[in-house]
Amino acid sequence: MFEDSTPFIIALVVTFCFMICVAIWNSINAPPPPQKAPPVEPGPSRTREILARFSEFYMNLNPQGETIFDIGILPDPKQHIIHALYVGFDESEDDDERSAIERGLRAIVTFQERVGEEPIKRNISETENFLTTNLNTENEDEKFIAKPIDEEEFDKFATLRDQELELHFQHLKIETADA
């Protein structure tokens with residue numbers, strides 16, 4: 001068929017060399033192989049961190065009486081704190097831990113949407129103010145000034161708070177003293 005096979009052999013060698021050069025180029029410019037993830041260091045879980053931050057925040061807030069706060073001042077999003085409380089309740093091993101989670105649920109529901117920058121509390125009448133002897137000591141201990149609002153508006157927020165607490169207790173099957 002071919003009298004001289006030299007051009008065929010030259011074409012074959014050039015193609016082979018070109019393919020080797022492409023393979024070398026690809027291996028040089030290839031991304032590095034995936035690395036094994038570093039081992040997880042033992043430490044507090046995210047749930048415990050969230051609960052610790054909320055607990056410290058709430059203790060520093062030192063709320064007195066029936067005060068409702070805006071969710072904007074929370075150290076973490078409210079849903080994250082609630083989820084952490086649920087996980088903490090599921091992981092709790094004794095009644096002390098469960099009662100701490102219950103206190104946490106009672107605390108988190110005092111944070112509601114659309115309250116505003118200033119926390120709110122029920123506006124009491126002059127006679128109630130005169131009859132209440134603890135009011136002056138409560139105000140000295142508070143680190144914030146709660147804005148008194150009329151009873152009807154406060155009851156709207158208090159109803160939302162109570163419904164939310166009841167919902168959490170039902171979800172976790174916590175028996176309340178009211179029942």
Side-chain angles (χ1 to χ4, degrees), residues 40-179:
V40 176
E41 296 179 21
S45 68
R46 175 140 166 79
T47 299
R48 294 209 182 272
E49 289 175 7
I50 290 173
L51 290 178
R53 266 195 308 272
F54 176 66
S55 178
E56 181 181 351
F57 167 77
Y58 194 72
M59 294 305 287
N60 288 336
L61 194 60
N62 193 22
Q64 301 289 327
E66 263 195 304
T67 306
I68 298 178
F69 303 90
D70 192 83
I71 61 171
I73 65 171
L74 288 170
D76 292 295
K78 184 176 180 179
Q79 284 307 112
H80 292 189
I81 297 170
I82 290 171
H83 177 73
L85 288 166
Y86 280 14
V87 170
F89 187 82
D90 290 340
E91 293 177 354
S92 61
E93 297 176 357
D94 58 21
D95 288 338
D96 290 340
E97 290 177 356
R98 284 190 181 94
S99 66
I101 296 296
E102 185 178 333
R103 287 191 307 273
L105 286 170
R106 290 182 188 281
I108 192 66
V109 298
T110 61
F111 295 87
Q112 295 292 320
E113 293 180 339
R114 295 184 297 278
V115 171
E117 289 182 17
E118 294 180 22
I120 59 172
K121 65 180 178 181
R122 188 183 313 267
N123 190 12
I124 58 176
S125 68
E126 291 294 322
T127 54
E128 288 175 320
N129 191 10
F130 181 74
L131 295 174
T132 306
T133 57
N134 295 344
L135 187 62
N136 292 333
T137 57
E138 280 183 6
N139 286 340
E140 290 171 4
D141 294 339
E142 289 179 348
K143 296 182 179 181
F144 53 86
I145 305 294
K147 174 176 63 172
I149 61 172
D150 64 349
E151 193 164 334
E152 184 179 320
E153 188 176 350
F154 184 85
D155 285 342
K156 290 177 186 177
F157 286 107
T159 301
L160 288 172
R161 176 198 61 200
D162 296 342
Q163 288 173 346
E164 182 182 347
L165 183 64
E166 185 178 331
L167 182 99
H168 295 313
F169 280 7
Q170 286 175 355
H171 179 78
L172 295 174
K173 296 179 177 68
I174 297 175
E175 296 291 326
T176 59
D178 299 342

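FYI, side chains are in, hydrogens and waters are out, and symmetry mates aren't considered; it's all heavy atoms of this structure.
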*Report the C-alpha distance between R106 and R161 in whole Å, list the side-chain angles of each, state the deciding distance to 0.1 Å, and finish with yes or no for side-chain contact (heavy atoms from CB on, under 4.5 Å).*
CA-CA 9 Å; R106 290 182 188 281; R161 176 198 61 200; over 6 Å; no
[X] [atom1] to [Y] [atom2] distance, which is reported to the nearest 0.5 Å:
X: E166; Y: I174; atom1: CD; atom2: CD1; value: 12.5 Å
X: H80; Y: I50; atom1: NE2; atom2: CD1; value: 6.5 Å
X: T110; Y: L105; atom1: OG1; atom2: CG; value: 11.0 Å

*List in chain and number order the residues that pass ring-ring contact (aromatic ring centres under 6.0 Å, His included) with H171, two or more places apart in sequence or in another chain; answer none if no residue qualifies.*
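Testing H171 for ring-ring contact (aromatic ring centres under 6.0 Å, His included), a comparison that skips the adjacent residues, returns Y86.
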Test of understanding: with side chain to side chain donor-acceptor pair (under 3.5 Å), list the residues that count as partners of [X], not counting sequence neighbours.
X: Q112; answer: E164
X: D155; answer: R122
X: D70; answer: none

*Show your reasoning for whether side-chain contact (heavy atoms from CB on, under 4.5 Å) applies to L172 and L85.*
CA-CA 10 Å; L172 295 174; L85 288 166; over 6 Å; no
Listed by chain and number, what are the side-chain contact (heavy atoms from CB on, under 4.5 Å) partners of [X], not counting sequence neighbours?
X: Q163; value: T159, L160
X: T47; value: S45, L51, A84, V87
X: D162; value: none
X: K156; value: none

*asked:* Could you walk me through whether D76 and F54 satisfy the side-chain contact (heavy atoms from CB on, under 4.5 Å) test, starting with their C-alpha distance in whole Å, then the side-chain angles of each, then the deciding distance to 0.1 Å, before giving a yes or no?
replied: CA-CA 8 Å; D76 292 295; F54 176 66; 5.8 Å; no
Looking at side-chain heavy atoms only, is the closest gap between [X] and [Y] below 4.5 Å?
X: I81; Y: K78; result: no
X: T67; Y: I120; result: no
X: I73; Y: F111; result: yes

Hey, can you pull the donor-acceptor pairs under 3.5 Å for the side chains in residues 90-97, sequence neighbours left out?
unit_1, atom_1, unit_2, atom_2, d
S92, OG, F89, O, 2.7
D94, OD1, D96, N, 3.4
D94, OD1, E97, N, 3.0
E97, OE1, E93, N, 2.8

*asked:* Treating K121 as the side-chain partner and K147 as the backbone partner, does any N or O pair qualify as donor plus acceptor under 3.5 Å?
replied: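 No, because the side chain of K121 does not come within donor-acceptor range (under 3.5 Å) of the backbone of K147.
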*Under the side-chain contact (heavy atoms from CB on, under 4.5 Å) rule, what do F69 and L61 come out as? Steps first, then yes or no, please.*
CA-CA 10 Å; F69 303 90; L61 194 60; 3.6 Å; yes
*Look at R98 together with E102 and state whether they make a salt bridge at an N to O cut-off of under 4.0 Å.*
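Answer for the salt bridge query: no.
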*Could I get the full list of salt bridge (Lys or Arg N to Asp or Glu O under 4.0 Å) partners for R103, not counting sequence neighbours?*
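Scan of R103 (salt bridge (Lys or Arg N to Asp or Glu O under 4.0 Å), adjacent residues dropped) gives none.
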